[in-house]
Every structure is written in structure tokens, then in C-alpha cells.
Amino acid sequence: QAQLVESGGGLVQAGESLRLSCAPSGRSFSTYVMGWFRQAPGKGREFVAAIPWSDTNAHYGNSVKGRFTISRDNAKNTVYLQMNSLEPEDTAVYYCAAKRLSGNYYNAAAYNYWGQGTQVTVSS
């Protein structure tokens, strides 16, 4: 059974950095679009970033542009989210997701596979 497993979350102070990793298992996701979403308490799931299998033209949510970078290593079957200049508003559970088809990156419903999530907490 295909799974996505996130790691790298934790508690940091505002201005610091974290790098999240997503390591799929059970199948290769090398030809899938990989994405990151987040969900803060009491809020809906928010698009953070997505990267096509070809590793070009990454897409970002407006609130993280210029601070977060998504990347992937298809040889390691792993996708990363480098988060810099973290703010308290970035506090959320971060989810890794995968979708077969390109396009429609911002829509959570378009993703076929989801991880269990990793908590990121940013203190002020």
C-alpha cells in the first residue's frame, strides 16, 4: 500500500528555519506531482507548494512565496520543503500529498495520496 511519511517538524522560534521531508513508500512517486499543504487549528487545508515530476516551475502559496522552497530528489524518492524566516502564522500541521496529473496544484481535492502530517510550531 502506497504511503507518504513526513518528518522534520518541530518547535522553533520566529525567524528560524526547518526542513520537512516526505518519503513515500510502497511505490515510486517519481512521475507524480508532489505537494505540501498545511492546516492550522480551526482553519481549512491551505496550499503551500507543489512541484511537478520534471522538477521545473514549482508553485507556491502567496503566504510562503520567497520564504519556502520545495524540491525533490527522484533518485531518493523524497520531496523536501525548506522553510526559512518562519513566523507564528506558519504554525500548522503540514501534509505531504501526491497527484498523478499535472495542473490544478492548489486544490487539495485533486491529490490522490496524503501523509499523516507533521506538526510545525513557531513561537514568537
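If you read the sequence from its start, that first residue is 1, and numbering goes on from there. Note: hydrogens, waters and symmetry copies are ignored here, and every other heavy atom, side chains too, is used.
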Requested in this report: Please check if the side chain of Thr78 supplies one atom and the backbone of Lys76 the other of a donor-acceptor pair under 3.5 Å.
Outcome: yes
Query - Over all atoms of both residues, closest heavy-atom pair of Ala110 and Asn104 - result: CB-ND2, 3.5 Å
Requested in this report: Report yes if some heavy atom in the side chain of Pro88 is under 4.5 Å from a heavy atom in the side chain of Ser124; otherwise report no.
Outcome: yes
Query raised in the report: Got a donor-acceptor contact below 3.5 angstrom from the Asn112 side chain to the Arg100 backbone?
Result: yes
Query raised in the report: In terms of ring plane angle, is the pair Phe68 and Tyr94 parallel, tilted or perpendicular, where the classes change at 30° and 60°?
Result: tilted
Report task. Work out which heavy atom in Tyr111 is nearest to a heavy atom in Ala50; give both atom names and the distance. Result -> OH-CB, 3.6 Å
Query - Single-linkage hydrophobic cluster Val93~Val120, side-chain heavy atoms < 4.5 angstrom - result: no
Query raised in the report: Do you reckon Phe37 sits in the same ILVMFWY cluster as Leu81, going by side-chain contacts under 4.5 Å, direct or chained?
Result: no
Requested in this report: Check Ser30 against Trp53 and note the closest heavy-atom contact, atom names and distance.
Outcome: O-CB, 3.1 Å
Query raised in the report: What's the shortest heavy-atom distance between Leu18 and Leu86, and which atoms?
Result: N-CD1, 3.9 Å
**Report entry** Contact check, side chains of Cys96 and Trp114, non-hydrogen atoms, under 4.5 Å
**Finding:** no
Requested in this report: Identify whether Phe47 and Val64 are in the same connected component of the hydrophobic contact network (ILVMFWY, side-chain heavy atoms under 4.5 Å).
Outcome: no
**Report entry** Residue pairs, two or more places apart or on separate chains, that pass salt bridge (Lys or Arg N to Asp or Glu O under 4.0 Å) and touch residues 25-49
**Finding:** Arg38-Glu46, Arg38-Asp90
Report task. Heavy atoms only: give me the nearest Ala98-Tyr32 pair and the separation to one decimal. Result -> CB-CD2, 4.0 Å
Query - Considering all heavy atoms, the nearest Gln82-Ser17 contact - result: NE2-CB, 3.9 Å
Query raised in the report: Taking a hydrophobic cluster as the set of Ile, Leu, Val, Met, Phe, Trp and Tyr residues connected by side-chain heavy atoms closer than 4.5 Å, whether directly or through intermediates, do Met34 and Tyr113 fall within one such cluster?
Result: yes
Requested in this report: Determine yes or no for a side-chain-to-main-chain donor-acceptor pair under 3.5 angstrom, with Asn77 supplying the side chain and Phe29 the backbone.
Outcome: yes
Query raised in the report: Around Gln116, counting heavy atoms of other residues, nucleotides and ligands shown, do more than 12 lie under 6.0 Å from its CD?
Result: no
Report summary line: So NE2 of His59 and NZ of Lys65: to nearest 0.5 Å the spacing works out to 10.0 Å
Query raised in the report: Would Tyr80 and Val33 show up in the same hydrophobic cluster when neighbours are defined by side-chain heavy atoms closer than 4.5 Å?
Result: no
Query raised in the report: OG1/Thr69 to OH/Tyr60 distance, rounded to the nearest 0.5 angstrom?
Result: 4.5 Å
Requested in this report: Give every residue pair that meets the side chain to side chain donor-acceptor pair (under 3.5 Å) criterion with at least one member in residues 3-13, sequence neighbours excluded.
Outcome: none
